[in-house]
Every structure is written in C-alpha cells, then in structure tokens.
There are 2 protein chains.
Amino acid sequence: MKEPKQRSACPISTSLDVLGDKWTLLILRDMVFAGKSTYGQFLQSAEKIATNVLADRLAVLESQGILTKEVAADKKSKFTYRLTEKGLDIVPIIVSHILWGARHYTTDIDPGLLDELRTGKDAAVEKYQQLARNA
Amino acid sequence: MKEPKQRSACPISTSLDVLGDKWTLLILRDMVFAGKSTYGQFLQSAEKIATNVLADRLAVLESQGILTKEVAADKKSKFTYRLTEKGLDIVPIIVSHILWGARHYTTDIDPGLLDELRTGKDAAVEKYQQLARNA
DNA sequence: CTTTACACTTGCAAATCGCAAGTAAATATA
DNA sequence: TATATTTACTTGCGATTTGCAAGTGTAAAG
C-alpha cells in the first residue's frame, strides 16, 4: 500500500526512493537529535509539516522497517515511534546533511555540536545512535 | 526565479531545501561516479529523468553555485556542467546514501567500490572529489 | 457527562511530475 | 548549398503530490 517503487538497482537511487523528499529526514532528525517520538511532537517542529504528509511518511517509514509504532506506556490513545537498527543506520546520512548545510548556508546549529561532528564524526554518529536506542 | 526557499534555520532542513528530492543527487552521482557532464548524458541514466525536470534541477544547481555551466570545448551547441567546490562537498552525502542503500536493499553496486567505501570512507571521498575536479 | 488531548482522515485548490511533442541553434551530410 | 541530425531545451496537459483547513474517532480528564 505504501511501498515506494524501486526505479533502478543503484543504491543511491534506492535510498532516494525511500528517503528522497523534503520531510522524511526531518522526522528522523527529530527522533535522533531532539528525542521526539510522537505524532504531536513531530508536528511542532519549525518547518510545519502538514498532518497528512506526516501520517503518510510515518506509514512509509514503518512499512520500510525504519521505525516501529507502538502504543505509549502512559496513554492508550498515544503512539510511540522508535527507530530500528535500519533506521539508526540513517544517522550518517543526516550528519552529512548537517555538515554540508552548516558549511554552505547560514543556520542556527549549536557550535558545540558542529565541532563534535567535524572533529570526530564516526564517534559522534555512534554516540547519537546509542542515545536514540535508549530513548 | 529558481531559488528554493529556506523553511527554517536548521542545517538539515536547509540542505533538504536544495537537495531533498528524488533526482538532484542522481545528477550529482552521474557527475562524480560516472564522469558525466552534459544534458544528454544525464538523460541516459537508468532512472529516466524527464527532460523538463532535468532542466529545472540543473538551473537550481547552477543558481546555488553547486555546478557551473559553460559552452563545451568542441561544440558550441553543447554545454559542459562541472561541480564547484560546494558541489564536491556533497560527495559525503552521496556516499552515505550508497552505504545505506547497499546495506539494506538489493542493488547492483560494484563490490570493489563498496568495499573501498566501507573500509576507507574518508580517503574514498577525497579520491572521487579529486577525480571529479580533473574531469 | 462534557471537555480536552491525541492521532489521524478528508476535501479541495495549488504546485509539481511524467510523458509526448515541439522549438531553436549549431553541426554534419548529400 | 540544401537538408538532415545533434544537442539542449520548452511547452502542453493529465496525473500525482502537496499544503491548508476542517472534521472524525478514541481515550483520558474534569
């Protein structure tokens, strides 16, 4: 129902079939770097994703095994989204976007984080993956 | 005329404002890993980009200073597109997509290239940037 | 028993995409 | 010199996707 079709056998093309739009990586950013895990939290981000687009992207990400959806511990009317290992493997893609964006455009990135990513990228990737695992 | 608008001051969001679609990174892939440099060559790729979409993306990439467009040395009816340093800085993004796509989906990537990227990512990035500079 | 919180779904206009065809300038061929 | 071809687009149009506003449904709170 929500499966993106594979345009070619190229790994870049295949990645883009799933992640190649303006919203998907922002949802994953919110999970990894802001600790967000619910629909309502994703809606509050600065970029103002539309509700139907958010619902659609979450469904695709779930169908692709990038995140899991389960009823929240506290409320039964709430869902908690968590990254799978396949989802955590996307962190390097996110980090590469951060570095390029921060280098070539004016942004409000925390200088401490930027320095951390620049000087020890691999260690930082592992750190944020581990943080997301325990979130 | 072709400037994408910045949705927020987040560097990831800003990167996606420019690169976040299903085609842009494929054009850059063709330049870096296939040595392509003309409109006609980009059209021949396996994913079959539409002519109007290709023209639009090339205009955006040029307006963003990611590539330059100049009349070809041999023919005046032909243009040569070349990556700028800002464009070459996108290679790590492309490589991260390759690694994720190749890990989680079935693709036709050359095993030698994959191994090169896995075992010495930074060196490989620099190698392909240098190759593109001399193309 | 009504209100609020939360997670969506629906309807619709606007923007974008995909496909086929057409245009225009430079070059090659007869 | 006339015609055909190459190369790089542009145009038109139906189909898909997006963005925005409003509505629906269920669980918890008051």
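Chain letters run A, B, ... following the sequence lines, proteins first, then strands; residues in each count from 1.
Among the nucleotides C/dT9, C/dG18, C/dC6, the one closest to the side chain of A/Ala55 is C/dT9.
The nearest whole Å value for the distance from the NZ atom in B/Lys48 to the C1' atom in C/dA20 is 15 Å. Rounded to an integer number of Å, the gap from CD of B/Glu47 to P of C/dG18 is 12 Å. Atoms CD1 (B/Ile49) and P (C/dA20) sit 16 Å apart, rounded to a whole Å. Rounded to an integer number of Å, the gap from A/Lys76 NZ to C/dA7 P is 16 Å. Spacing between atom NZ of B/Lys5 and atom C1' of C/dA15 amounts to 11 Å, rounded to whole angstrom units. Look at CG on A/Leu54: it is 13 Å from C1' on C/dT9, rounded to the nearest Å.
For the pair A/Val71/A/Lys78, no side-chain contact is recorded, criterion being any heavy-atom separation below 4.5 Å from C-beta on. Side-chain contact between A/Arg29 and A/Glu47 is present, with heavy atoms from C-beta onward closer than 4.5 Å. Using a 4.5 Å heavy-atom threshold, the side chains of A/Gln129 and A/Arg133 count as touching. Put simply, the side chain of B/Val32 does not reach to within 4.5 Å of the side chain of B/Leu131, judged on heavy atoms.
For DNA chain D, the span of nucleotides reached by chain A at under 4.0 Å from its heavy atoms goes, 5' to 3', from D/dT18 to D/dA28.
Ring geometry for A/His97 versus B/His97: interplanar angle over 60°, hence perpendicular rather than tilted (30 to 60°).
Between A/Arg7 and C/dG18 there is no side-chain N or O to OP1 or OP2 distance below 4.0 Å.
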**OP:** Determine, step by step, whether A/Tyr128 and A/Phe33 satisfy the ring-ring contact (aromatic ring centres under 6.0 Å, His included) criterion, reporting the C-alpha distance in whole Å, the side-chain angles of both residues, the deciding distance to 0.1 Å, and the verdict.
**Re:** CA-CA 7 Å; A/Tyr128 286 99; A/Phe33 289 98; 4.8 Å; yes

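Salt-bridge check for A/Arg103 with B/Asp89: passed, with a basic side-chain N closer than 4.0 Å to an acidic carboxylate O. Taking a cutoff of 4.0 Å between a charged side-chain nitrogen and a carboxylate oxygen, A/Asp17 and A/Arg7 qualify as a salt bridge.
Using a 4.0 Å heavy-atom criterion, one finds that A/Tyr81 contacts the sugar-phosphate atoms exclusively.
The two residues A/Pro11 and B/Asp108 have their closest heavy-atom pair at CD-OD1, 4.4 Å.
In terms of position along DNA chain C, the nucleotide closest to A/Gln41 lies nearer the 5' end than the nucleotide closest to the other residue of the pair A/Gln41 and B/Lys75. With the nearest nucleotide of DNA chain D identified for both B/Asn52 and B/Tyr39, B/Tyr39 has the one nearer the 5' end.
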Distances under 3.5 Å between protein N/O atoms and the N/O atoms of nucleotides 21-23 of chain C, please, pair by pair.
none

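Around atom CZ of A/Arg118, more than 12 heavy atoms belonging to other residues, nucleotides or ligands sit under 6.0 Å away.
Less than 4.0 Å separates DNA chain D from at least one heavy atom of each of the following residues of residues 8-38 of chain A: A/Trp23.
The cationic atom of B/Lys69 (NZ for Lys, CZ for Arg) lies less than 6.0 Å from the six-membered ring centre of B/Phe79 and within 45° of the ring axis.
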